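Counting convention: from 1, in listed order, for ligands and their atoms alike. Since this is a predicted model, take the numbers as computed values, not measurements.
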Amino acid sequence: AVAVTLILGLSLGLTRRQKTIKSTFFSRCEKFKEHDCQKLWDLFEKAHVNKDPCNVPVEAYDPLIAAAPFIPDCKKMMFWSGTKDVVHDLTAKRKDCYFTLEDTLLGSILDGLMWCGKNGKDDTFTTGCPGWSDCENNPVRSFWKCASAAYADAACGDVTAMLSGSTTTPFDPESIFASIEVTRLKAPRVSSLNVVMVLQMNAKSDCTNASLKNLQNQLDPNITYSCKDVAEHRVEQCGSQPQIMCGSCW
Ligand code: N1C
C-alpha cells in the first residue's frame, strides 16, 4: 500500500508539474493571435525531451525559432544585460519606443521559465534541471542563445543596450549580450549602438569602465558607438511619463 501511494503520489505530482509548464506555455502563446501553439509546443518538446539535460546544443532550438513568426520592430530594439527588471518595467510602458526579446512570441512564452528533459523520459520537467551555469549545454541556456542570435540578426537602425552600473564588469564576456548579440549587429543595417549605463545609488561603474573598451573592439567598426550614464530614476521616469518623447528620455 505504501508503494502504491508513493507511485501514485509521484505520478500525480509529475502530471501536475508538467501541466503547469504546458498550460503556461499555451496561455502565454494564445495571447498572441494567429499562431499554432500546439505545433510550437511540439517543437519545443522535441528540442529537449528524452535527452541528457546537459547535452542540448543551441541548434536543437533552430526548428522552434524557425517556426515562430518573428517580426520585431527592428528600429526599436533594446538589448540588456544585468538590467532585466528596469528594462522590462520600461518596455511594458513604452512600447512606442522600445522592444525586447521578451516582447516576441517565443521570448514572452519562455521568459522566466525553467525546463529540461531526461534520458529515457518522455516529459518536460521543471525541477531537478541543471542551473544556468551548471553545464553549458543546458536547455534553458541553449534556448536563450538561439533566440538571442536570431533576435540580434533582426536588429536595424539605432539600437539601445541597457547595462548595469551595479557591477564591476557591465560588459561581461560570459553574458549573452557580450557573447552572442554584440557581434551579430551588422552595419549598414544597424547604424548605432547606444549604451545606457543604468546607475543606482553607489554605482560601481559607469561609461568609463574598462569592459566597455572590449565592447567597442567587438563591435562592427562601421556601427557608431555611444554611452550615456543615466540614473535609474530617469529610466523609471521615462516609463511613468508617456508624454516624454522617445528620444528625450535621457
Ligand atoms: O546574459 P545576458 O543578461 O547578457 O542576457 C541578456 C540578453 C538580452 O539582450 C536578451 O536579448 O540576452 C537576451 N536574453 C533574454 O531575452 C532573456 N530573457 C530571460 C537572455 N537571457 C534571458 N533571460 C534570462 O535572463 C536567462 O534565463 C538568464 O537567466 C538571464 C540572463 O540575464 P543577464 O545575465 O542579465
Could you tell me how the ring of W115 sits relative to the ring of H48: parallel (under 30°), tilted (30 to 60°) or perpendicular (over 60°)?
tilted
Which value, rounded to the nearest 0.5 Å, describes the distance between F171 atom CZ and Q216 atom CD?
10.0 Å
Dump the pairs for me: ligand 1 N or O, protein N or O, distance under 3.5 Å, to 0.1 Å.
{"residue": "ligand 1", "atom": "1 (O)", "partner": "I176", "partner atom": "N", "Å": "2.9"}
{"residue": "ligand 1", "atom": "4 (O)", "partner": "S81", "partner atom": "OG", "Å": "2.8"}
{"residue": "ligand 1", "atom": "4 (O)", "partner": "I176", "partner atom": "N", "Å": "3.4"}
{"residue": "ligand 1", "atom": "4 (O)", "partner": "F177", "partner atom": "N", "Å": "3.0"}
{"residue": "ligand 1", "atom": "9 (O)", "partner": "W80", "partner atom": "N", "Å": "3.0"}
{"residue": "ligand 1", "atom": "9 (O)", "partner": "W80", "partner atom": "O", "Å": "3.1"}
{"residue": "ligand 1", "atom": "9 (O)", "partner": "E181", "partner atom": "OE1", "Å": "2.7"}
{"residue": "ligand 1", "atom": "9 (O)", "partner": "E181", "partner atom": "OE2", "Å": "3.4"}
{"residue": "ligand 1", "atom": "11 (O)", "partner": "E181", "partner atom": "OE2", "Å": "2.6"}
{"residue": "ligand 1", "atom": "12 (O)", "partner": "E181", "partner atom": "OE2", "Å": "3.3"}
{"residue": "ligand 1", "atom": "16 (O)", "partner": "E102", "partner atom": "OE2", "Å": "2.3"}
{"residue": "ligand 1", "atom": "18 (N)", "partner": "E102", "partner atom": "OE2", "Å": "2.6"}
{"residue": "ligand 1", "atom": "35 (O)", "partner": "G82", "partner atom": "N", "Å": "2.7"}

Residue pairs involving residues 234-247 (criterion side chain to side chain donor-acceptor pair (under 3.5 Å); sequence neighbours excluded)
none
Would you please classify the geometry between the F79 ring and the F177 ring as parallel, tilted or perpendicular, with 30° and 60° separating the classes?
tilted
All heavy atoms of D123 vs all of V49, minimum pair found to be O-CG2, 3.7 Å
Please work out whether the ring planes of H88 and W80 are parallel, tilted or perpendicular, with thresholds of 30° and 60°.
perpendicular
